[in-house]
Amino acid sequence: MIEVLLFAQLQEEAGKDKILLDIKEITVKEIKQTLQTQFHLSQIEESMVAVNESYALEGDVIQPGDIVAIIPPVSGG
């Protein structure tokens with residue numbers, strides 16, 4: 001099981017702050033596509049991804065037991 005934590009607007013769009021995915025192995029790019037398909041998250045492509053508290057690249061592999069944080073871009077004013 002992969003635990004995905006959502007923040008800010010992504011959390012509001014999904015209607016939850018945590019998603020559990022029963023997937024054996026997936027890349028960062030693929031998990032973004034999976035979440036986009038399931039929850040239609042508007043800022044998922046621009047979001048940063050951290051795996052086990054370290055920023056990850058699109059090709060990095062996520063495995064069961066990992067905790068993934070999806071962090072949307074922040075705008076300021």
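Only heavy atoms go into these numbers, but all of them, side chains included; no hydrogens, no water, no symmetry mates. Nothing fancy with the numbering, it's 1 onward along the sequence.
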Say you draw a straight line from [atom1] of [X] to [atom2] of [Y]; how long is it, rounded to the nearest 0.5 Å?
X: Met1; Y: Gln63; atom1: CE; atom2: CD; answer: 15.5 Å
X: Thr34; Y: Ile44; atom1: OG1; atom2: CD1; answer: 9.5 Å
X: Glu25; Y: Thr27; atom1: CD; atom2: OG1; answer: 9.5 Å
X: Asp66; Y: Asn52; atom1: CG; atom2: CG; answer: 4.5 Å
X: Leu21; Y: Glu3; atom1: CG; atom2: CD; answer: 10.5 Å

field: Side chain to side chain, Tyr55 and Ile71, heavy atoms closer than 4.5 Å
entry: yes

query: Going by heavy atoms in the side chains, are Val4 and Leu35 under 4.5 Å from each other?
result: yes

What are the two closest non-hydrogen atoms of [X] and [Y], and how far apart are they?
X: Ala8; Y: Pro72; answer: CB-CG, 3.8 Å
X: Phe7; Y: Ala69; answer: CE1-CB, 3.7 Å
X: Leu10; Y: Ser47; answer: CD1-OG, 3.6 Å
X: Ile26; Y: Ile2; answer: CG2-CD1, 3.9 Å

task: Could you tell me whether Glu53 atom CD has more than 12 heavy atoms of other residues or ligands within 6.0 Å of it?
output: no

- request: Please check if Ile67 and Val61 belong to a single hydrophobic cluster, counting links between Ile, Leu, Val, Met, Phe, Trp and Tyr side chain heavy atoms closer than 4.5 Å.
  value: no

task: Verify the cluster assignment for Met48 and Leu41: are they in a single hydrophobic cluster under the rule of side-chain heavy atoms below 4.5 Å apart?
output: no

message: Leu6 and side chain to side chain contact (heavy atoms under 4.5 Å, CB included): which single residue from Ile19, Asp17, Val68 fits?
response: Ile19

message: Between Lys32 (side chain only) and Glu58 (backbone N and O only), is there a donor and an acceptor less than 3.5 Å apart?
response: no

field: Donor-acceptor pair, side chain of Glu13 and main chain of Ser42, under 3.5 angstrom
entry: yes

